[in-house]
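Have a look at the structure below, then the notes.
We name chains A, B, ... by the order of the sequence lines, and we start the count at 1 in each one. Only heavy atoms go into these numbers, but all of them, side chains included; no hydrogens, no water, no symmetry mates.
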2 protein chains.
Amino acid sequence: MLRITKITDYGFILLAHMANQDQELLHNAKDLSAAIGIPLPTVSKVLKILTQGGILKSHQGSKGGYTLGKPAAEITAAEIIEAVEGPVAITDCSSAEGCERNCVVSSSWQQVNTAVIGALSGLTLDDMSHG
Amino acid sequence: MLRITKITDYGFILLAHMANQDQELLHNAKDLSAAIGIPLPTVSKVLKILTQGGILKSHQGSKGGYTLGKPAAEITAAEIIEAVEGPVAITDCSSAEGCERNCVVSSSWQQVNTAVIGALSGLTLDDMSHG
DNA sequence: CCAATTAAGACTAAATAGGTCTACTATTTT
DNA sequence: AAAATAGTAGACCTATTTAGTCTTAATTGG
């Protein structure tokens, strides 16, 4: 499988939607829910996580909402996945700290992992929102 | 996360162990379990899956066991993961059949997926078993 | 025939993910 | 100041997936 989770997938959809409009515009959870067709509580949860991960900036209170934390061309797929799911690692062997059991396959996994992160870092939100 | 499953991980360990020895040698599940320290029922399950996926060849009956289906240098990480987990796809959008909801981000995911498969196809069991 | 060994798949339990809800805090408007 | 709007935090339950074990059948060598 080697899949991203549904929450991450929703995150990409929400971010692509926001990137396709005026970047100064504040989007609230209710409007985004209506526009995209994902239930409000779920949208709210995803936006919260993206904000905690630094991808979005939030503005509380009446007339509040969310905006992108920086230009869409500077937000990469790697950053988004890390914000929602934590560090990208194919196996425990391939995490930054290395593999505690020091297995023979460890160094090979780190090569694969580097390649995967490279691919994800080369893709920006701007690329994705334009199809 | 973006992780392979534990079963796949065990598969790599078992295959690397087999690749490090005479390729004609028949390995039975019991000996492999003892050598690697994974419980017999689990080892047995993994070997069965790898056989169904075409990575291993099996020999039934007394004095039976498993051997690699082809030289270690010709078995790639991509093949092994596919054998255990099915087609590699980061999201539903990135699978070979494409995304039924035809979302805007679809074509970008296919690029990422191609890059990931490329990385996994460039790594052979022979590479991994030598560290 | 008998012992060893793989094959198939059912089954339980544990872990993860998905989704919702409630209570709280902050900001704007009236 | 009060009310309305919107984000914040985190608990909570459910569904799905994954891990691991077990049982029964089929195959082969001696």
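Here D:dT8 presents its P atom at 14 Å from NZ of A:K57, a figure rounded to the nearest Å. Between B:I4 atom CD1 and C:dT16 atom P the separation is 15 Å, expressed in whole Å. Distance, A:L50 CG to D:dA9 P: 14 Å, rounded to whole Å. The distance from atom CG of A:D9 to atom P of C:dG18 is 10 Å, rounded to the nearest whole Å. Straight-line distance from the CG atom of A:L47 to the C1' atom of D:dT5: 16 Å, rounded to whole Å. Nucleotide C:dG18 holds its C1' atom 13 Å from the CD atom of A:E85, rounded to whole Å.
Shortest non-hydrogen contact noted between B:I117 and B:A78 is O-CB, 4.4 Å. Considering every non-hydrogen atom in both B:A115 and A:A119, the closest pair reads CB-CB, 3.4 Å. Nearest heavy atom pair, residue A:N113 against residue A:V88, reads ND2-O, 3.2 Å.
For A:T5, a side-chain nitrogen or oxygen approaches OP1 or OP2 of C:dG18 to under 4.0 Å.
For A:T124, the side chain to side chain donor-acceptor pair (under 3.5 Å) criterion is met by A:D127, not counting sequence neighbours. For the side chain to side chain donor-acceptor pair (under 3.5 Å) test, residues two or more places apart in sequence or in another chain that qualify with B:Q21 are B:H17.
In this structure, the side chains of B:I75 and B:I80 come closer than 4.5 Å at one or more pairs of heavy atoms.
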* Would you give a per-nucleotide map of nucleotides 19-30 of chain C, 5' to 3', where B means the base has a protein non-hydrogen atom under 4.0 Å away, S means only the sugar-phosphate does, and - means neither? => BB-----BBS--

Side-chain donor-acceptor contacts of residues 54-73 of chain A below 3.5 Å, not counting sequence neighbours, with atom names and distances?
| residue | atom | partner | partner atom | Å |
| --- | --- | --- | --- | --- |
| A:K70 | NZ | A:E79 | OE1 | 3.1 |

Show every donor-acceptor pair shorter than 3.5 Å between a side-chain atom in residues 35-49 of chain B and any protein atom, with sequence neighbours excluded, or say none if there are none.
none

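Within residues 26-34 of chain A, the residues having any heavy atom under 4.0 Å from DNA chain D are, by residue number, A:H27, A:N28, A:A29.
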